[in-house]
Amino acid sequence: MAGCGALGSASATLLVRAGVGYVRIIDRDFVETSNLQRQTLYDEDDVASGMPKAAIAAQKLQRANTSVRVEPRVADLTASSAEALLRDVDVIVDAIDNFEARFLVNDVAVKHSIPWVYGAVIATYGLTMTIRPGETACLRCLLPEAPAPGSVDTCATAGILGPVVECIAALQVTEALKLLLGRTDELCGGLAQFDVWDRELSVVDVPRQSDCPTCVQARYDYLRAESTAETVSLCGREAIQISVPRTQPLVLTELAARIRGFAPVQESPFMVRFCVDGREINVFADGRAIIKGTTDEALARKLYAEYVGT
Amino acid sequence: MPVVIQIPTPLRRFTGGRRTVTVEAHTVGAALDELTGIFPDVRAGLQRPDGSLRSDARLFVGAEDIRGLGGLDTPVSDGDVIAIIPPVAGA
């Protein structure tokens with residue numbers, strides 16, 4: 001599972017309960033109250049706990065089916081992490097909330113010939129397409145490049161109706177099960193779009209593009225991106241994520257001890273949370289931080305440098 | 001000749017909530033011109049400022065991507081359905 005928010009909650013539940021032998025749940029975030037309307041694996045206790053979604057999801061799903069091995073990975077999909085996180089699985093189910101990470105998944109999937117199931121939702125509407133590298137169109141055959149920032153609706157601007165999530169996840173998981181069972185001749189074979197409000201489902205053919213940079217030219221542009229500090233404004237929230245490549249792992253216990261000298265700290269094996277200047281700073285073991293209470297990337301970088309260091 | 005353009009949910013706020021718009025046109029490009037003439041706000045979701053198609057906007061005649069046909073010059077005939085598939089990122 002690439003992502004474990006709304007689509008991820010629904011898909012991971014279906015996969016684990018179906019008895020898929022091993023499920024790796026990759027997610028970078030923790031639970032917020034605004035998630036609960038559509039992210040059905042989580043509850044208000046999880047918001048209060050401050051635990052990461054991947055850890056909570058794995059814990060709950062393991063109880064649903066102890067015969068399945070569920071592995072949580074609290075991590076961000078980046079150019080430097082994506083291959084290690086994804087290349088050794090049989091199928092990737094997409095439940096990501098941004099195009100950059102989806103193109104990374106596409107690069108890894110095509111490079112390592114791993115089938116994957118694209119899925120995305122907005123408002124009452126969703127899309128899904130099954131991608132088999134070398135056999136079908138890939139994501140860049142469909143979309144040569146990510147849309148310009150601000151040019152498409154996000155969950156902040158348009159919202160997501162809970163029921164459409166369940167519908168698209170159901171279509172995605174059905175495709176994933178067919179892939180795992182080797183029933184590839186029974187796959188959907190196109191891009192399915194569905195509006196749950198209007199009950200409109202249609203499927204269109206997406207042809208492979210003879211000049212596709214990824215699946216024809218084997219150019220993995222998103223994986224080759226320079227590994228630099230990245231700041232990302234998080235969908236639907238007044239929050240900035242900062243990712244800093246680190247040569248040494250961050251020791252959360254040491255960070256917590258330092259911060260405790262001047263501010264209360266909430267600490268778990270996965271993250272450290274504290275507040276300064278009215279902003280909530282959440283630092284993960286992989287060195288990422290999510291800084292809530294600002295949309296100012298420069299301010300977020302400054303707070304990271306001051307309190308976490310690089 | 002009348003062709004039907006299916007408006008995807010994310011663009012319906014630009015078409016007064018209309019799910020379909022029927023226009024008179026002989027090509028996909030002409031059909032889009034008719035559509036954006038009636039609903040100018042939908043243009044930003046489909047076209048660049050120079051009038052060319054946005055690279056992330058996918059258009060289909062029936063179930064076929066117009067890139068495999070004739071692009072915006074793809075001919076359309078009476079009763080054809082043009083579908084617009086927008087980029088969607090949410091999860």
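Just so it is clear: chains get the letters A, B, ... in the order the sequence lines come, proteins before strands, and each one is counted from 1. No hydrogens, no waters, no symmetry mates; every other heavy atom, side chains included, goes into these values.
With contacts defined as side-chain heavy-atom distances shorter than 4.5 Å, the pair A:Tyr42/A:Val47 does not qualify. Side-chain atoms of A:Ile168 and A:Phe194, non-hydrogen and from C-beta on, do get closer than 4.5 Å to each other. Between A:Asp94 and A:Val105, every side-chain heavy-atom pair lies at or beyond the 4.5 Å cut-off. In this structure, the side chains of A:Ile56 and A:Leu41 stay at 4.5 Å or more apart for every pair of heavy atoms.
Of residues 2-15 of chain A, those residues lying under 4.5 Å from chain B by any heavy-atom pair are A:Gly5, A:Ala6, A:Leu7. At a heavy-atom cut-off of under 4.5 Å, chain A is reached by B:Arg54, B:Ser55, B:Asp56, B:Arg58, B:Phe60, B:Gly62, B:Ala63, B:Asp65, B:Arg67 from residues 54-71 of chain B, listed in order of number. For a heavy-atom cut-off of 4.5 Å, chain A lies close to B:Arg19 in residues 14-43 of chain B.
Taken from CZ in B:Arg12 to CH2 in A:Trp197, the straight-line distance is 12.5 Å, to the nearest 0.5 Å. A distance of 10.5 Å separates CD in A:Glu166 from CG in A:Leu161, rounded to the nearest 0.5 Å. Separation of atoms CD1 (A:Ile25) and CZ (A:Arg73) is listed at 12.5 Å; rounding is to 0.5 Å. A:Leu104 contributes atom CG, which lies 13.5 Å from atom OH of A:Tyr220 (distance to the nearest 0.5 angstrom).
Using modelled atom types and a 3.5 Å distance limit, the side chains of A:Gln193 and A:Ser202 yield a donor-acceptor pair.
Chain B forms the most heavy-atom pairs under 4.5 Å with one residue out of A:Ala101, A:Gly126, A:Gly190, A:Cys141, and that residue is A:Cys141.
Put simply, the side chain of A:Gln37 gets close to the backbone of A:Ile160: a donor and an acceptor are under 3.5 Å apart. With hydrogens and angles ignored, the 3.5 Å screen pairs no side-chain donor or acceptor of A:Thr136 with any backbone N or O of A:Gly189. Looking at A:Arg24, its side chain never comes within 3.5 Å of a backbone N or O of A:Val89 through a donor-acceptor pair.
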Requested in this report: Go through the steps to decide whether B:Leu72 and B:Gln47 satisfy the test side chain to side chain contact (heavy atoms under 4.5 Å, CB included), and finish with yes or no.
Outcome: CA-CA 12 Å; B:Leu72 290 174; B:Gln47 294 171 322; 5.9 Å; no
Requested in this report: Any chance you could lay out the side chain to side chain donor-acceptor pair (under 3.5 Å) test for A:Tyr222 and A:Glu100, step after step, and finish with the verdict?
Outcome: CA-CA 8 Å; A:Tyr222 289 83; A:Glu100 294 294 319; 5.0 Å; no
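Of the two parts of A:Asp205, the backbone and the side chain both hold a non-hydrogen atom closer than 4.5 Å to a non-hydrogen atom of chain B. A:Val121 touches chain B through backbone and side chain together, each having a heavy atom under 4.5 Å away. With a threshold of 4.5 angstrom between heavy atoms, A:Leu143 approaches chain B through its backbone and through its side chain. Only the backbone of A:Val203 comes within less than 4.5 Å of a heavy atom in chain B; its side chain stays farther off. For A:Gln39, no part lies under 4.5 angstrom from a heavy atom of chain B. Both the backbone and the side chain of A:Leu142 come within contact range of chain B, with heavy atoms under 4.5 Å apart.
Under the salt bridge (Lys or Arg N to Asp or Glu O under 4.0 Å) criterion, the residue pairs touching residues 120-148 of chain A are A:Arg140-A:Asp221, with sequence neighbours excluded.
Each of A:Val173, A:Ile92, A:Leu171, A:Thr128 was checked for a side chain to side chain contact (heavy atoms under 4.5 Å, CB included) with A:Val117, and the lone residue meeting it is A:Thr128.
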